[in-house]
Amino acid sequence: MMRGCLCHFTVKRLYTRPLLALIIYNQRNHVDKTGSPCHGILDQDAVGTRAMYAPRISEELRQKVMSMLYVGISLDNIIQHHMEVVQGHGGPHNRDDFLTRNDVRNIERVIRNTSHELHIDDACSVKIWVQRHQKHVFYFQDASASEPFILGIQTDWQLQQMLRHGQNGSVASHSTFGSKKLKYPLSTLLVFDSSRNAIPVAWVITSSLTGQDIHKWVGSLAERLRTKDSRWRLNAFLVDDPSFGFSAIRDAFQCRVLLCVWHVRRAWIRSLLKTCSNIDVQREMFKHLGWILYSSRSVPNAMDAVQEFMEVFVDQSAFMDYFKSQWSPYIESWVSCIRSLPVAGPEPHAAIESYHRRLKYKLFNDQYANFWPRIDWLIHTLTTEFHSLYWLDQYTVETGYFSNLRDESFSTNAWYQALHIPDIDVILDEQNLQVAKVISQTDRNLAYTIWNPGSEFSLCDCHWSNLGNLCKHVMKVAMMCKNRQVARPLLAAQIYRQTLLSLLHNPPDDPVVLDHAILCTTRLQQDIKGWEDLSNSGLLQQLPPELNSQMADNTLLFARSH
């Protein structure tokens, strides 16, 4: 029991032959629940008398204790908490229940003596880490003359969270973080829990653009998940980079792909706040920037809309210089992506933004500036201290323990806060969607104004929004616009409609091509039905009333095309 050995048997005596006993082994091998030898000649740690005074705890408990130590929980509190847990399930049953102070001190000593620098050369250090943590690496490709560096990391806890919250849910990408400071940019895959918080379930570090090489690692990640649960299914994958290989994602996860414009929104509003001091001009420019993306259906060439924007706001030279250098080369790819993919609603943006702020606060502290060029430091920080913050938050939510140590930023998610604002406190005129108002929850005499409500490019006059962040007021108004079907239209629906009309009026002559076209049409019909479910869950914006008739026409087109 102290070693966690599962070997046990049942002894039966026969009444008619009392001198004989039947021994039935339920588990004959001396292994623990992970399948590793617990003692005997097959256990390398049981040589000599070590098995008597140094029995091992399970890897699961070891990771739990390490996370507690990383977030600053004292040894006494860890032991006291463990005793309460053991008493809660009726006393000790296995080796883990006999956790001692020496066990915790040993783990504490390991943490204290562990360094991110396993070798003076960063590349060698990363290889050593990969060799030591094979079960946490779902993909690794070393850099060469022809191939980029790629490292995919997912701990056991992250795998459990992805299986739990990603089942019939969504996964969002947070890509190219730290491209200006880190040696290689970091990309994160996120899931959303019941409190609307984003949980990192995988990290990908690559020397190339994440989207260009996604086909190399996304299949390995999907296979890793299905190995654990063959019935696991993902509903939607949110991408924030037009360079992502959408077909590779669809093939790997068999799910819908949605476009998330949070990255664009944040970059543009942050730059506007820095370069433009006139609040009214800020709002107008921000609205026009949204039109550049969403007016693609009426302006065939996206650069025409960009040119018009630059002519209208020609006096804002500082922002125009930034826009020309950073975004002009990529506008057409974003518009093309919007034409072909449905756009995710604004609700997940708040959760992604919260994760972004927390990651930035943890990694980009000036005291770590000397370590930014090293990949091994990034890996070590992510898998230890940063990983432990999210473990503690989920553990607190599930068990109620250590609530006083929970990071307050987990409860400031604008998406979650918006759910606590009553509908009656929102003043929304559906006949005039230029502005909306939300009454303050702390001062009933104060009302915040939201411009361009129902769009990803909404702005609020509260302090949090003026810092370039998504606030709970914008989120609340967006939710109400969606529920009342007064949000901005999804351009992808119109693109699909145009495709179906073209197919109907110009059917291909080749029967093979025709069969393929009908198959694609069927898939589109299934996608549209799936989007209805996504819209109900808050991940997709609904169409406004004026497009309802178009959707009805689409249904007719589907029937006629079949």
Side-chain angles (χ1 to χ4, degrees), residues 63 66-67 69-72 111-112 114-119 122-123 125-126 128-130 133 136-138 140 143 148-155 157-158 161 172-191 197-210 217 240-241 260 262-263 266-267 270 349-394 405-410 412-413 467-470:
Q63 291 297 327
M66 288 187 70
S67 296
L69 291 171
Y70 273 119
V71 297
I111 292 175
R112 189 166 54 248
T114 299
S115 171
H116 68 272
E117 191 172 318
L118 303 177
H119 192 280
D122 186 38
S125 182
V126 171
I128 295 173
W129 187 92
V130 170
H133 301 83
H136 295 164
V137 177
F138 65 85
F140 177 65
F149 172 88
I150 304 175
L151 175 60
I153 303 172
Q154 185 180 61
T155 67
W157 180 82
Q158 288 179 310
Q161 300 304 308
S173 63
H174 175 267
S175 61
T176 62
F177 175 84
S179 56
K180 295 181 180 179
K181 293 185 177 181
L182 300 176
K183 181 178 181 179
Y184 297 146
L186 170 69
S187 295
T188 309
L189 297 185
L190 305 166
V191 294
N197 283 315
I199 304 174
V201 292
W203 291 298
V204 178
I205 305 171
T206 175
S207 58
S208 65
L209 292 177
T210 307
W217 56 263
D240 61 349
D241 188 339
C260 177
W262 168 84
H263 177 70
R266 182 179 176 83
R270 289 283 175 127
H349 295 185
I352 297 173
E353 182 177 84
S354 179
Y355 171 79
H356 176 87
R357 291 197 311 269
R358 196 172 295 114
L359 184 63
K360 185 176 181 181
Y361 175 80
K362 186 62 182 178
L363 296 182
F364 291 159
N365 191 314
D366 290 339
Q367 64 177 324
Y368 303 133
N370 294 333
F371 300 136
W372 292 341
R374 292 191 66 98
I375 299 300
D376 56 2
W377 170 82
L378 175 61
I379 295 171
H380 179 77
T381 304
L382 290 174
T383 56
T384 55
E385 299 177 29
F386 194 66
H387 181 277
S388 299
L389 290 176
Y390 282 89
W391 175 89
L392 177 65
D393 180 70
Q394 290 299 305
L405 298 177
R406 190 186 185 197
D407 189 345
E408 293 183 358
S409 61
F410 284 99
T412 58
N413 182 341
L467 295 176
N469 302 307
L470 279 165

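If you're wondering where the values come from, they're calculated on a predicted model, not measured in any experiment.
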>> Can you confirm whether Ile153 sits close enough to Leu382 that some side-chain heavy atom of one is under 4.5 Å from a side-chain heavy atom of the other?
In response: no
> Are the side chain of Asp240 and the backbone of Cys260 linked by a donor-acceptor contact shorter than 3.5 Å?
Replying inline: no
> Hey, does Arg358 have a side-chain heavy atom less than 4.5 Å from the side chain of Tyr390?
Replying inline: yes
> Just wondering, do Arg357 and Asn469 contact through their side chains at under 4.5 Å, heavy atoms?
Replying inline: yes
>> Tell me every residue that passes side chain to side chain contact (heavy atoms under 4.5 Å, CB included) with Ser125, counting only those two or more places apart in sequence or in another chain.
In response: Leu118, His119, Arg374, Asp376
> Can you tell me how far the OG1 atom of Thr188 sits from the CD1 atom of Ile352, to the nearest 0.5 Å?
Replying inline: 10.5 Å
> In chain order, what residues pass the salt bridge (charged side-chain N to carboxylate O under 4.0 Å, His left out) check against Glu385, with sequence neighbours excluded?
Replying inline: Lys362
> Passes side-chain contact (heavy atoms from CB on, under 4.5 Å), Trp157 versus Gln394? Steps please.
Replying inline: CA-CA 11 Å; Trp157 180 82; Gln394 290 299 305; 3.6 Å; yes
> After noting the C-alpha distance and the side-chain angles of Ser388 and Met66, does the key distance pass the side-chain contact (heavy atoms from CB on, under 4.5 Å) rule?
Replying inline: CA-CA 8 Å; Ser388 299; Met66 288 187 70; over 6 Å; no
> Closest heavy-atom contact between Thr176 and Pro185?
Replying inline: CA-CB, 3.8 Å
> Are side-chain heavy atoms of Leu189 and Ser173 found at a separation under 4.5 Å?
Replying inline: yes
> Taking everything shown except Lys360 itself, do over 12 heavy atoms lie less than 6.0 Å from its NZ?
Replying inline: no
>> Aromatic contact between Trp129 and His133, with the criterion being ring centroids under 6.0 Å apart: yes or no?
In response: yes
> Can we call the ring centroids of Trp262 and His174 under 6.0 Å apart?
Replying inline: yes
> According to the interplanar angle, ranging from 0 to 90°, do the rings of Phe364 and Phe177 count as parallel (below 30°), tilted (30 to 60°) or perpendicular (above 60°)?
Replying inline: parallel
> Would you call Pro200 and Gln158 a side-chain contact if the rule is heavy atoms closer than 4.5 Å?
Replying inline: yes
>> How close do Asp366 and Trp372 get, counting heavy atoms only, and between which atoms?
In response: OD1-CH2, 4.3 Å
> Would a distance-only check, ignoring hydrogens and angles, find a side-chain to backbone donor-acceptor pair under 3.5 Å from Gln161 to Ile199?
Replying inline: no
>> With side-chain hydrogen bond (donor to acceptor under 3.5 Å, both in side chains) as the criterion, how do His387 and Thr155 come out once you've worked through the C-alpha distance, each side chain's angles and the decisive distance to 0.1 Å?
In response: CA-CA 9 Å; His387 181 277; Thr155 67; 2.8 Å; yes
>> Return the CG to NE2 distance between Leu190 and His356, rounded to the nearest 0.5 Å.
In response: 12.0 Å
>> Apply side-chain contact (heavy atoms from CB on, under 4.5 Å) to residues Tyr368 and Leu363 and explain how you reach the verdict.
In response: CA-CA 7 Å; Tyr368 303 133; Leu363 296 182; over 6 Å; no
> What closest approach, in Å, do Arg270 and Leu467 show between heavy atoms, and which atom pair accounts for it?
Replying inline: NE-O, 3.3 Å
> Taking atom OG1 of Thr383 and atom CG of Leu378, what is their separation to the nearest 0.5 Å?
Replying inline: 9.0 Å
> Do Ser207 side-chain atoms and Tyr184 backbone N/O form a donor-acceptor pair below 3.5 Å?
Replying inline: no
> How many angstroms lie between atom OG of Ser208 and atom CD1 of Ile150, to the nearest 0.5 angstrom?
Replying inline: 5.5 Å
> For Leu186 and Leu359, what are the C-alpha separation, side-chain angles and deciding distance, and is it a side-chain contact (heavy atoms from CB on, under 4.5 Å)?
Replying inline: CA-CA 10 Å; Leu186 170 69; Leu359 184 63; 3.9 Å; yes
> For the side-chain contact (heavy atoms from CB on, under 4.5 Å) test, which of Val137, Thr206, Val204 pairs with Leu151?
Replying inline: Val137
> Going by heavy atoms in the side chains, are Phe386 and Trp203 under 4.5 Å from each other?
Replying inline: yes
